[in-house]
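None of the values given here were measured: they were computed from a predicted structure. Both ligands and their constituent atoms are indexed starting at 1 by order of listing.
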Amino acid sequence: MEKIKGKRVSDGIVVGKIFFYSKQPQKVVRYKITDIACEIQRYESAKEEALIQIKALYDRMLKEYGENDAKIFEAHTMLLNDIDLNESVHSLIRGQSVNAEYAVAMTADKFCEIFDNLEDEYFRERSKDINDVCERVIEILGNNDDKDKISEPCIIISEDLSPSETVQFDRKHILAFATEKGSSYSHTAILARMMDIPALVRIPINEAWHGKNAIIDGENGFIIIEPDTATLEYYIKLSKEREKQKFYLHELIGKETCSKKGKKINLYANISNTYDLSAVKNNDAEGIGLFRSEFLYLESKDFPTEDQQFMAYKMAAEQMEGKKVIIRTLDIGTDKKLPYYETDKEDNPAMGYRAIRVCLSMTEMFKTQLRAIYRASAYGNVSIMYPMITSLDEVKEIKSIVAEVKKELEDSNICYKNVEQGIMIETPAAAVLSDVLAKEVDFFSIGSNDLTQFTLAVDRQNDKLSRFYKPQHEAVLRLIEMTIKNAHKEGIWVGICGEIGADIELVDRFIEMGIDELSVSPGMVLPIRKLIRESEK
Ligand code: PEP
Ligand code: MG
């Protein structure tokens, strides 16, 4: 038995088998095939799929940035249709009876070598494009990813997990996460809390653990490898007790969320996708206070279409049966990177090209999302909020885009309801300007995770700085209080959807400040309802 201490970022206790997830790009393996015609057909189908993907990328770039930037994908199409390249793949499959992935990888190597040795810099650069198109085909061809090899619920161990990797796991296969890197406020930790599964960071992981039995103690921050019988029995008993405690909280289902003095708090839940809706309902959340819509994008292979998004938002609106569903528009950047949308490397990505800045730069993509949300509004009680606002000008720009979207929907006779428009207060600028911004919007939702990092100038991703990253810092709390006062002066409501909303030590203080709504991970709804009902404030 081996007991290792890490840092807990999501509570809970589980016992299960370890799956060691390695994010190293998988080597393409060579294997013998027997049916050559079938293998060539497999390659041809993958190539067709790659051409469709490239065409979609071309169309999008053309719309957003114009012909010059889109040209790169025209070049990819030409490369993939290149007679020599295709001949090389076919002849490797035929001549050596090898699998298509291997034939494509060998062809890519051969062509890159030729291009790398050319004098002209332009042609030398083209070897990147060859690699790019060939990798696309290989990805389509193969299940090169370890995640696809998981066939039962496991404890996932990895050096690090980005949100886009995390959401690619089949949820029914995840018992817990334990990683070497990561921090409490990274989106992977937040995701684990939303999924109500235990998670640890700062675990010195070991590949040899793969397949071994283990316990994750998310209450004390331990991973126990190959526990002995007594330890196993202890944890099985403890986990049953925790289940019982959770069960007792169920008596609060259907009860009002009011303090003893009668202050009503709207207690909503944060979700990342429609899978979370059952947890929202099982925990009796009174609405959805933060639908992190970017996870729809992170889970896709390409930008989700208007219809794909519409289906997800509609499902949330319908299943919540008239309760509020606040959809936050796309908030990508920093740790939430779309694998299919490459942006320039930034030295300070948290302060860089992200969230509303991306949407205001890619207005067609933004309008696609807004149209999907507005269409879904006809099916329930939908609101929209915008992340990373820093100025009145941004709000005005958003409003004019929203007006265009509404006009387009009207012109096409598509029904929608009037949707409440809110902004996230997650930059000090927005908090300081909250008196001005409150005149322009219907509500505020305080994103304390980012508000903390920008107020204290501490990177929320950097675990080395975790002792300096304090959402409970007086400076952050004062900004929250100021925001609430300014909102109320203008008659609009304010909520908190950052992780601090579920801080059991601060519930009383937030009630005193006059907060109207708290939005927490589904598993925290009932514990917070209990505290609010017990509050004397
Ligand atoms: C926040 O910043 O508090 C927030 C809710 O947004 P996210 O955690 O997704 O950045
Ligand atoms: Mg944020």
Asks: For the Mg ion (ligand 2), decide whether Asp450 has an N, O or S atom at a distance under 2.8 Å.
Replies: yes
Asks: What is the closest protein heavy atom to atom 6 (O) of ligand 1, and at what distance does it sit?
Replies: Arg328 NH1, 3.0 Å
Asks: Please identify which atoms of ligand 1 are closer than 4.0 Å to at least one heavy atom of Gly498.
Replies: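 Matching atoms, with element in brackets: 3 (O), 5 (C).
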Asks: Hey, which atoms in ligand 1 end up nearer than 4.0 Å to a heavy atom of Ile190?
Replies: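 Here the atoms of ligand 1 in question are 8 (O).
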Asks: Hey, which atoms in ligand 1 end up nearer than 4.0 Å to a heavy atom of Lys336?
Replies: 9 (O)
Asks: Is the shortest side-chain N to carboxylate O distance from Lys336 to Asp331 below 4.0 Å?
Replies: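 Salt bridge flag = yes for Asp331 with Lys336.
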Asks: Check each atom of ligand 1 against the heavy atoms of Met424 and keep those under 4.0 Å away; list them by number with element.
Replies: 4 (C), 5 (C), 6 (O)
Asks: Is any NZ, NE, NH1 or NH2 atom of the basic residue among Asp276 and Arg292 found under 4.0 Å from an Asp or Glu carboxylate oxygen of the other?
Replies: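 Salt bridge between Asp276 and Arg292, a charged N being under 4.0 Å from a carboxylate O: no.
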Asks: Determine which of the N, O or S atoms in Glu426 is closest to the Mg ion (ligand 2) and give its atom name.
Replies: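 Per the distance ranking, Glu426 contributes OE1 as its closest N/O/S atom to the Mg ion (ligand 2).
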Asks: Going by heavy atoms, is Arg460 under 4.0 Å from ligand 1?
Replies: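 Distance cut 4.0 Å: Arg460 passes for ligand 1.
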Asks: Charged N to carboxylate O below 4.0 Å: is that the case for Asp284 and Arg529?
Replies: yes
Asks: Can you tell me which residue among Thr427, Ile398, Val441, Leu433 is in a side-chain contact (heavy atoms from CB on, under 4.5 Å) with Ile389?
Replies: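 That would be Ile398; it is the only one of Thr427, Ile398, Val441, Leu433 passing the side-chain contact (heavy atoms from CB on, under 4.5 Å) with Ile389.
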Asks: Could you list the atoms of ligand 1 found under 4.0 angstrom from a heavy atom of Glu426?
Replies: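 Within the 4.0 Å cut-off of Glu426, ligand 1 contributes 1 (C), 2 (O), 4 (C), 6 (O).
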